[in-house]
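Owing to the predicted nature of the structure, the values given are computational and were not obtained by experimental measurement.
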Amino acid sequence: MNIVIVGATGNVGSRTMKYALEAGHQVIAYARRPESVSNADKVQVVKGDAQDPVALARAAKGADAIIVAITGAVSDGTFMQRTVPSIITAAKAADVRRIVMVSAFGAGDTADKAAWFMKFAYRTVLGKFFRDKAASDALLEQSGLDYTIVYPVNLKDAPASINAVAKPLEQVDKVPGMPTLPFTNVAQELVRIVADPASIGQRILLTTAKGWKAKRKEK
């Protein structure tokens, strides 16, 4: 595939670029600071802001998919709501239907699945940040594009874990405690998901093997 990565210099985006290249994909690294793009000799680097739909559409022309791996400051309650409409506009202008976007577990109704103390944090101390995530997720869901929204649990800089799992949110009842995953695992899953047509229209939780409980099947 020919994949545009928005946020190619970030913790998740830079690792996603690495694994996309290893999987044999062509990568367009779209970044505000192109000088910070790793593997710059192996990818097409395009300077641009995610809130500039014209520049992003130009970069994405001819691409098969866009992976969005950006986030605003915790104190910014509108960053994603300001940014996602531009990405949607750019994707449509470039005739790119496939978008995979990284959100965060705790956004919107995902908080209902969290442990009580995490649910409290998501809705109070971090409420502005997660409300912004939820609102921008809804914008993508309503866009008419072939979206997948990915909800990783807490993230850290560490070697890849063998205990990572990806589960459609509709199958998840609870996320107990405070599970934490390496950035690398999220990157690996994004590369897998973007090429998986079965994930279109899904909201997917990324967590640890013990960091989720399945819904009980109805009799």
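Separation of atoms CG (Leu140) and CE (Met101) is listed at 5.0 Å; rounding is to 0.5 Å. Between Leu21 atom CG and Thr16 atom OG1 the span is 11.0 Å, to the nearest 0.5 Å. Rounded to the nearest 0.5 Å, atoms CZ (Arg32) and CD (Gln51) are 9.5 Å apart. Separating the NZ atom in Lys18 from the CD1 atom in Ile5 is a distance of 12.5 Å, to the nearest 0.5 Å. Atom CD of Gln142 and atom CD1 of Ile88 lie 8.5 Å apart (nearest 0.5 Å). The structure places CD of Glu189 at 5.5 Å from CG of Leu206, a figure rounded to the nearest 0.5 Å.
Looking only at side-chain heavy atoms (C-beta outward), Leu155 and Thr180 stay at 4.5 Å or farther from each other. Side-chain contact between Val100 and Val150 is present, with heavy atoms from C-beta onward closer than 4.5 Å. Put simply, the side chain of Ile67 reaches to within 4.5 Å of the side chain of Ile3, judged on heavy atoms. Using a 4.5 Å heavy-atom cutoff, the side chains of Arg98 and Ile66 are not in contact. Ile200 places none of its side-chain heavy atoms less than 4.5 Å from the side chain of Tyr147. The closest side-chain heavy-atom distance from Ile70 to Met80 is below 4.5 Å. Residues Phe105 and Thr207 are not in side-chain contact: their nearest non-hydrogen atoms beyond the backbone lie 4.5 Å or more apart. Between Trp212 and Val153, the closest side-chain pair of non-hydrogen atoms is not below 4.5 Å.
Between Pro179 and Asn154, the shortest heavy-atom contact is O-ND2, 3.2 Å. Taking all atoms of both residues into account, the shortest heavy-atom contact from Val191 to Ala20 is CG2-N, 3.6 Å. Nearest heavy atom pair, residue Met1 against residue Ala65, reads CE-CB, 3.7 Å. In terms of heavy-atom proximity, Pro176 sits nearest to Gly211 at CD-C, 4.0 Å. Across all non-hydrogen atoms, the minimal contact from Ala94 to Ala57 is CB-O, 3.5 Å. The shortest heavy-atom contact between Tyr122 and Gly106 is CD1-CA, 3.5 Å.
One finds no salt bridge joining Lys47 and Asp52 here, because no Lys/Arg side-chain nitrogen approaches an Asp/Glu carboxylate oxygen to under 4.0 Å.
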Derivation and outcome, side chain to side chain contact (heavy atoms under 4.5 Å, CB included), residues Val54 and Leu56: CA-CA 5 Å; Val54 175; Leu56 180 53; over 6 Å; no
Full working for side-chain hydrogen bond (donor to acceptor under 3.5 Å, both in side chains) between Thr148 and Gln202: CA-CA 5 Å; Thr148 305; Gln202 287 191 342; over 6 Å; no
Candidate pair Arg203 and Thr110, rule side chain to side chain contact (heavy atoms under 4.5 Å, CB included), full reasoning: CA-CA 10 Å; Arg203 302 164 71 217; Thr110 69; 3.8 Å; yes
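The main-chain N or O of Asn2 is never found under 3.5 Å from a side-chain atom of His25 such that the two would form a donor-acceptor pair. A donor-acceptor pair under 3.5 Å is formed between the side chain of Ser199 and the backbone N or O of Ile193. Remark: the backbone N or O of Asp49 is paired with a side-chain donor or acceptor of Tyr30 at under 3.5 angstrom. Using a distance-only test at 3.5 Å, with no hydrogens or angles considered, a donor-acceptor pair links the side chain of Arg15 to the main chain of Asn11.
The side chain to side chain contact (heavy atoms under 4.5 Å, CB included) test with Ile99 singles out one residue from Asp146, Leu145, Val194, and that residue is Leu145.
Within 6.0 Å of NZ in Lys215 there are more than 12 heavy atoms belonging to other residues, nucleotides or ligands. Sparse packing is recorded around NZ of Lys210, with 12 or fewer heavy atoms of other residues, nucleotides or ligands lying under 6.0 Å away.
Hydrophobic clustering (ILVMFWY, side-chain heavy atoms < 4.5 Å, transitive): Val4 and Val37 are in one cluster. Val175 and Phe120 fall into different hydrophobic clusters, where Ile, Leu, Val, Met, Phe, Trp and Tyr side chains are chained together by heavy-atom contacts under 4.5 Å. Taking hydrophobic clusters as Ile, Leu, Val, Met, Phe, Trp and Tyr residues chained together by side-chain heavy-atom distances below 4.5 Å, Tyr19 does not share a cluster with Val186.
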Considering only distance and modelled atom types, tabulate donor-acceptor pairs under 3.5 Å from the side chains of residues 158-173, sequence neighbours left out.
unit_1: Ser161; atom_1: OG; unit_2: Asn163; atom_2: N; d: 3.0

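For the side chain to side chain donor-acceptor pair (under 3.5 Å) condition, the pairs that include at least one residue of residues 123-139, sequence neighbours left out, are Thr71-Lys133, Gln81-Asp132, Ser103-Asp137, Asp112-Arg123, Asp137-Tyr151.
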